[in-house]
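Some notes on the structure that comes next.
Counting starts at 1 for both ligands and their atoms, following the listed order. Here the structure is a predicted model, which is why all the values come from computation and not from measurement.
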Amino acid sequence: MKPQRVAVLGATGSIGGSALDVIARHPQRLSASVLAAGRNVDALVALCVQHRPAHAVIADSAAYAALRDGLRSAGLSTRAHAGDEALCALVAGDACDSVVAAIVGAAGLDSTLAAARAGKRLLLANKESLVMAGDLVMAAAREAGACILPVDSEHNALFQCLPDGRLGAAVERLVLTASGGPFRGRDRAALAAITPAQAVAHPKWSMGPKISVDSATLMNKGLEVIEAHHLFGLGNDRIGVVVHPQSLVHALVEYTDGSTLAQLGLPDMRTALAVGFAWPERIASGVPPLDLIAHGRLDFEAPDMDTFACLRLAREALDAGGSAPAVLNAANEVAVSAFLQGRIAFLSIPAIVESALAALPPVEIASLEAAREADAQARHHATRSLSRHARA
Ligand code: NAD
Ligand code: MG
């Protein structure tokens, strides 16, 4: 059997690193054939030395020569490429069989869509592409016969708890768990002075900076409700969220007969990635088994939707439909980036998202252009409102 050739998009990131770890455990079965990253040429070349892909892609075209020269001086035959168009061509062509979509933010939409349209096995971590243009991505995957394996831990858990990974008539409700983030139990006043360093220090998961802030605001759970809606086709009212600080139960499926099926495991994304690579088989991921006696207890509580307004805003955007989720996502990306740069306060994140949603009433998203337009308008609006929220 030839190894499954995998394109790892966002190779230098947290999910990219976990994916490459699982791939390296199974040299007979998996090989990294394309590695793609945003800006960090040195880190990308170092990964190429380790994994020897046929192709390496850097998003920033200005870094092309540095990548080409770096690969050459490392003595590698890996071909250098730059830009999103080159990446999409590699994803769609025969350089890979599977695609790990782990670029952060709306920047991952084109390559995710290219993988779906080309009918690839799509290990989808980039939840923002579903939030921004979920109907288009799902329709493209359906038409081309692409198999989407959700890599977000909660959605991967739901996938594992559903027969054949699909919703049947006997499913009543899906329930996502949330760790609650680093500020669980605090009130709004206590959130006012939060620093970026405090916000990215997640108690259970080690992740990139953007999703860590999203976890602290609970926007991550809001994006995940929208993601679950697209992946599994259920409405807002049948996708629950329960806070579970131990992060050992990742999601639950409630069936009509009173059964609830849950998936448990240590908080380590390699499990979800191994499921994505091997399903319907299972392969080792490097994640140790769960020792429930050592952990001792599993706690659950309701999310605090008043303190953490982002979860409420995401649910409202899903109900509003059309471009509202794309606006929510884009305004959030702008606000989170400004927060990480120390330009705005933590509580300005929901304020900026709410104001973008109020200013840009939802329009229909029937095309990629319409999704991009909604994204651009929301970025414009959110960027302009940054000055009103500027930290003294
Ligand atoms: P990260 O910040 O650690 O890594 C992001 C990667 O994307 C990097 O390799 C970066 O170089 C690349 N990148 C950024 N902009 C790019 C661009 N314009 N073109 C090409 N590449 C670009 O982020 P992460 O935590 O690995 O998250 C990646 C995605 O996976 C996000 O959508 C996140 O929501 C999702 N996700 C992550 C986790 C996790 O545990 N980290 C869990 C679930 C879902
Ligand atoms: Mg998740």
Side-chain angles (χ1 to χ4, degrees), residues 7-21 34-44 46-47 56-63 67 81-88 90-91 99-112 114 122-132 149-159 176-181 200 202 204-215 218-228 231 241 244 247 249-251 263 265-273 276 287 329 332-333 336-337 340:
V8 181
L9 317 187
T12 54
S14 166
I15 290 284
S18 295
L20 288 167
D21 180 283
V34 178
L35 296 186
R39 261 184 292 213
N40 190 338
V41 169
D42 293 345
L44 182 56
L47 290 175
V57 194
I58 196 84
D60 178 5
S61 326
L67 175 62
H81 309 261
D84 212 30
E85 237 172 84
L87 177 60
C88 290
L90 283 166
V91 160
V99 176
V100 178
I103 291 173
V104 59
L109 175 61
D110 288 356
S111 48
T112 299
L122 175 53
L123 282 72
L124 185 54
N126 177 246
K127 65 191 86 186
E128 294 92 343
S129 60
L130 283 184
V131 174
M132 190 179 161
L149 286 305
V151 166
D152 210 346
S153 56
E154 299 76 4
H155 307 73
N156 189 268
L158 294 172
F159 180 85
L176 309 173
T177 61
S179 69
V200 300
H202 196 276
K204 292 291 170 191
W205 294 93
S206 154
M207 308 182 288
K210 191 259 176 183
I211 183 176
S212 296
V213 175
D214 286 348
S215 299
L218 289 203
M219 179 58 92
N220 184 49
K221 215 45 57 180
L223 299 177
E224 289 183 356
V225 169
I226 302 173
E227 181 186 14
L231 286 170
V241 170
H244 165 51
S247 296
V249 178
H250 301 303
Q263 188 265 348
L266 291 173
D268 186 322
M269 294 307 294
R270 292 178 299 175
T271 297
L273 286 153
V287 180
N329 179 63
N332 181 57
E333 284 190 31
V336 169
S337 162
L340 282 168

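- Considering backbone and side-chain atoms together, G38 places an N or O closer than 3.5 Å to an N or O of ligand 1.
- An N or O contact shorter than 3.5 Å links G208 to ligand 1 by distance.
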Show me the side-chain donor-acceptor pairs of residues 124-131 shorter than 3.5 Å, one per line, residues at least two apart or across chains.
{"from": "N126", "atom 1": "OD1", "to": "S129", "atom 2": "N", "distance (Å)": "3.3"}
{"from": "N126", "atom 1": "OD1", "to": "S129", "atom 2": "OG", "distance (Å)": "3.0"}
{"from": "N126", "atom 1": "ND2", "to": "I103", "atom 2": "O", "distance (Å)": "2.8"}
{"from": "N126", "atom 1": "ND2", "to": "G105", "atom 2": "O", "distance (Å)": "2.9"}
{"from": "N126", "atom 1": "ND2", "to": "E128", "atom 2": "OE1", "distance (Å)": "3.1"}
{"from": "K127", "atom 1": "NZ", "to": "D152", "atom 2": "OD1", "distance (Å)": "3.4"}
{"from": "K127", "atom 1": "NZ", "to": "D152", "atom 2": "OD2", "distance (Å)": "2.8"}
{"from": "K127", "atom 1": "NZ", "to": "N220", "atom 2": "OD1", "distance (Å)": "2.6"}
{"from": "K127", "atom 1": "NZ", "to": "E224", "atom 2": "OE2", "distance (Å)": "2.9"}
{"from": "E128", "atom 1": "OE1", "to": "G105", "atom 2": "N", "distance (Å)": "3.4"}
{"from": "E128", "atom 1": "OE2", "to": "G105", "atom 2": "N", "distance (Å)": "3.4"}
{"from": "E128", "atom 1": "OE2", "to": "K210", "atom 2": "NZ", "distance (Å)": "2.9"}
{"from": "S129", "atom 1": "OG", "to": "N126", "atom 2": "O", "distance (Å)": "2.9"}

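- Residue contacts with ligand 1, taken as heavy atom pairs separated by less than 4.0 Å, involve M207 via backbone and side-chain atoms alike.
- Remark: D42 engages no residue in a salt bridge (charged side-chain N to carboxylate O under 4.0 Å, His left out) (not counting sequence neighbours).
- Between E128 and ligand 1, at least one N/O pair is under 3.5 Å apart.
- A donor-acceptor pair under 3.5 Å is absent between the side-chain atoms of E227 and the main chain of H155, judged by distance alone.
- Neither the backbone nor the side chain of K210 comes within contact range of ligand 1; no heavy atom lies under 4.0 Å.
- Residues that satisfy the ring pair (Phe, Tyr, Trp, His ring centres under 6.0 Å) test with H250, not counting sequence neighbours, are W205.
- Checking only distances, A59 never comes within under 3.5 Å of ligand 1, N or O to N or O.
- Only protein N, O or S atoms were considered, and those under 2.8 Å from the Mg ion (ligand 2) are D152 OD1, E154 OE1, E224 OE2.
- For T12, a nitrogen or oxygen atom sits less than 3.5 Å from a nitrogen or oxygen atom of ligand 1, counting backbone and side chain alike.
- When only interatomic distances are considered, the shortest N/O to N/O separation between A36 and ligand 1 does not fall below 3.5 Å.
- Checking only distances, S14 does come within under 3.5 Å of ligand 1, N or O to N or O.
- The proximity of S153 to ligand 1, defined as any non-hydrogen pair under 4.0 Å, does not occur for either the backbone or the side chain.
- At a 4.0 Å heavy-atom cut-off, ligand 1 touches A107 through the side chain alone.
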